[in-house]
Novice: 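Questions regarding the structure given below will be posed in turn.
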Amino acid sequence: MKISQLALAITALVGSLGVWAAKPAAEPISPIQPAVVKNPQLVELGKKLYYDPRLSKSGAISCNSCHNLSMGGTDNLKTSIGHNWQKGPINSPTVLNSRFSVAQFWDGRAKDLKEQAGGPIANPGEMAFTHELAIDVLKSIPQYVAEFKGAFGTDTVDIGKVTTAIAAFEETLVTPDSRFDKWLKGDKKALNEKELAGYALFKNSGCVACHNGPAVGGNSFQKMGVVEPYKATSPAEGRSAVTGKDADRFNFKVPTLRNVELTYPYFHDGEAATLEKAVDTMGRLQLGKQFTTEENASIVAFLKTLTGKQPSFKLPILPPSSNTTPQPKPFE
């Protein structure tokens with residue numbers, strides 16, 4: 001090879017390396033994509049069932065009671081209130097973006113949204129009904145029977161169809177177009193210097209090892225209290241309640257950080273009332289790092305950029321009960 005040819009080859013190689021180096025590294029967080037509704041009738045039916053308190057023994061508790069879509073998909077309580085004002089054992093996670101989770105519930109005992117939807121109805125500490133009684137209520141309401149037929153093509157109403165419909169509605173509860181998503185898509189003015197510094201610290205400190213992907217979490221189970229033990233106020237033991245393995249004790253599903261400024265209080269026991277406290281606790285217990293006041297503030301500023309466009313729709317008008325609809329029993 002002549003000197004001139006070698007020089008040209010080296011120049012080309014250096015040029016290609018320069019282009020490669022100039023490309024930004026892939027971010028550990030990806031933008032939320034808008035929901036695509038494939039069966040509007042099914043989603044509309046699911047929305048009604050999500051809001052209908054007649055699926056509870058008291059006639060007063062619906063899915064929206066603990067996963068309020070006006071409050072970030074949560075109830076903003078340390079633990080939820082169940083039938084007869086029973087205190088729940090664990091904090092209610094947000095339903096928003098739950099479609100991205102590896103499983104449902106803090107301990108992952110439900111493999112998907114459909115399986116999760118049936119749990120609270122029959123839980124004596126939550127809606128305190130039975131699946132059979134819930135179906136009796138729905139079968140007694142002519143408009144519901146017609147809507148099930150429209151969505152499923154059959155008059156049959158059963159718990160499988162109920163949970164399928166609720167899950168179809170919950171699949172649409174995504175929150176795209178956060179300021180951080182706009183930054184990811186190329187709008188470099190979407191975040192200010194403090195927020196960008198917070199994101200850099202979030203990545204460099206190791207937070208993204210667990211909080212990554214489109215939901216910024218929800219895709220793995222991790223031990224709560226890696227560097228220091230966490231003193232929980234909840235009796236929940238995490239994944240071990242499902243697997244029976246002691247090694248899984250205190251392993252919980254990593255919560256999504258999408259819309260986290262709306263979903264307080266934090267952790268499975270709701271003990272962190274503020275984002276600042278949550279960041280401080282996670283830094284010490286999970287990373288062995290004590291964030292300064294300024295570092296904490298910058299991470300919190302970044303976390304607030306994860307608030308996306310909240311689900312917006314017309315509230316459903318629930319079909320009226322008939323003369324044969326079983327009466328609620330709120331005081332039993």
Side-chain angles (χ1 to χ4, degrees), residues 35 37 39 41-77 79-86 88-101 103-106 109-138 141 144 147-148 151 157-175 218 253 255-256 259 262-263 310-319 321 328 330:
V37 177
N39 187 336
Q41 280 186 296
L42 182 63
V43 171
E44 185 63 26
L45 173 60
K47 178 168 65 174
K48 289 180 179 179
L49 296 172
Y50 185 91
Y51 276 95
D52 201 326
R54 288 171 294 185
L55 295 180
S56 69
K57 182 178 181 179
S58 66
I61 301 175
S62 69
C63 301
N64 193 64
S65 298
C66 298
H67 303 285
N68 194 320
L69 298 180
S70 297
M71 301 166 67
T74 70
D75 55 17
N76 294 142
L77 300 174
T79 60
S80 295
I81 299 170
H83 183 71
N84 274 342
W85 287 90
Q86 292 181 73
I90 204 164
N91 179 264
S92 287
T94 178
V95 72
L96 300 181
N97 304 304
S98 56
R99 64 177 297 178
F100 300 109
S101 292
Q104 302 300 319
F105 296 115
W106 281 97
R109 64 183 181 274
K111 65 180 180 180
D112 53 28
L113 287 169
K114 174 178 167 59
E115 188 172 311
Q116 184 278 331
I121 295 173
N123 188 321
E126 297 183 48
M127 297 170 79
F129 224 13
T130 68
H131 289 164
E132 294 75 18
L133 289 172
I135 296 305
D136 286 344
V137 167
L138 296 173
I141 300 173
Y144 262 138
E147 291 194 30
F148 271 90
V157 179
D158 56 45
I159 193 62
K161 292 183 177 65
V162 170
T163 55
T164 294
I166 293 174
F169 170 61
E170 291 177 337
E171 287 274 352
T172 70
L173 302 178
V174 298
T175 58
K253 185 179 68 175
T256 172
N259 311 291
L262 307 177
T263 59
Q310 301 298 291
S312 179
F313 46 76
K314 184 178 180 181
L315 285 175
I317 303 301
L318 303 181
S321 298

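Model, not experiment: these values are computed from the prediction.
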Novice: Could you tell me whether the side chain of Tyr144 reaches within less than 4.5 Å of the side chain of Leu318, counting heavy atoms only?
Specialist: yes

Novice: Can you tell me how far CG of Leu138 sits from CD of Glu147, rounded to the nearest 0.5 angstrom?
Specialist: 10.5 Å

Novice: Using the test salt bridge (charged side-chain N to carboxylate O under 4.0 Å, His left out), find all partners of Lys47 that sit at least two apart in sequence or belong to another chain.
Specialist: Glu44

Novice: Would you call His83 and Pro124 a side-chain contact if the rule is heavy atoms closer than 4.5 Å?
Specialist: no

Novice: What's the spacing between Glu170 CD and Gln116 CD if we round to 0.5 Å?
Specialist: 6.0 Å

Novice: Indicate whether any N or O donor in one side chain lies under 3.5 Å from an N or O acceptor in the other, for Asn259 and Thr175.
Specialist: yes

Novice: What residues, two or more places apart in sequence or in another chain, satisfy side chain to side chain contact (heavy atoms under 4.5 Å, CB included) together with Ser56?
Specialist: Ser58, Ile61, Met127

Novice: Is Arg54 close to Ile141 at the side-chain level, that is, under 4.5 Å between some pair of heavy atoms?
Specialist: yes

Novice: What residues form a side chain to side chain contact (heavy atoms under 4.5 Å, CB included) with Asn64, not counting sequence neighbours?
Specialist: Tyr50, Tyr51, Ser62, Asn68, Leu69

Novice: Among all residues two or more places apart in sequence or in another chain, which pass the side chain to side chain donor-acceptor pair (under 3.5 Å) test with Glu171?
Specialist: Arg99

Novice: CG of Leu49 to SG of Cys63: how many Å apart, nearest 0.5 Å?
Specialist: 8.0 Å

Novice: Of all residues at least two apart in sequence or in a different chain, which pass the side chain to side chain donor-acceptor pair (under 3.5 Å) check with Ser92?
Specialist: Ser80

Novice: Could you list the residues that satisfy side chain to side chain contact (heavy atoms under 4.5 Å, CB included) with Thr74, not counting sequence neighbours?
Specialist: Asn76, Thr94, Thr263

Novice: Apply salt bridge (charged side-chain N to carboxylate O under 4.0 Å, His left out) to Asp75 and list each qualifying residue two or more places apart in sequence or on a separate chain.
Specialist: none

Novice: Taking only residues two or more places apart in sequence, or in another chain, which ones meet Lys114 in a salt bridge (charged side-chain N to carboxylate O under 4.0 Å, His left out)?
Specialist: none

Novice: Rounded to the nearest 0.5 Å, what separation is found between the CD atom of Glu115 and the CZ atom of Phe105?
Specialist: 8.5 Å

Novice: Under the side chain to side chain donor-acceptor pair (under 3.5 Å) test, which residues partner Thr172, sequence neighbours left out?
Specialist: none

Novice: What pairs with Asn123 under side chain to side chain contact (heavy atoms under 4.5 Å, CB included), at least two apart in sequence or on another chain?
Specialist: Glu126

Novice: Is a donor on one side and an acceptor on the other found under 3.5 Å between the side chain of Asn97 and the backbone of Thr256?
Specialist: no

Novice: Does any N or O in the side chain of His131 come within less than 3.5 Å of the main-chain N or O of Ile121, such that one atom is a donor and the other an acceptor?
Specialist: no

Novice: Can you sort out the partners of Asp112 under side chain to side chain donor-acceptor pair (under 3.5 Å), two or more places apart, ordered by chain and number?
Specialist: none

Novice: To the closest 0.5 Å, what do you measure between CZ (Phe148) and CG (Leu45)?
Specialist: 4.5 Å

Novice: Using the ring-ring contact (aromatic ring centres under 6.0 Å, His included) criterion, which residues pair with Phe313? Sequence neighbours excluded.
Specialist: Phe169

Novice: Distance from Thr130 atom OG1 to Asp136 atom CG, nearest 0.5 Å?
Specialist: 7.5 Å

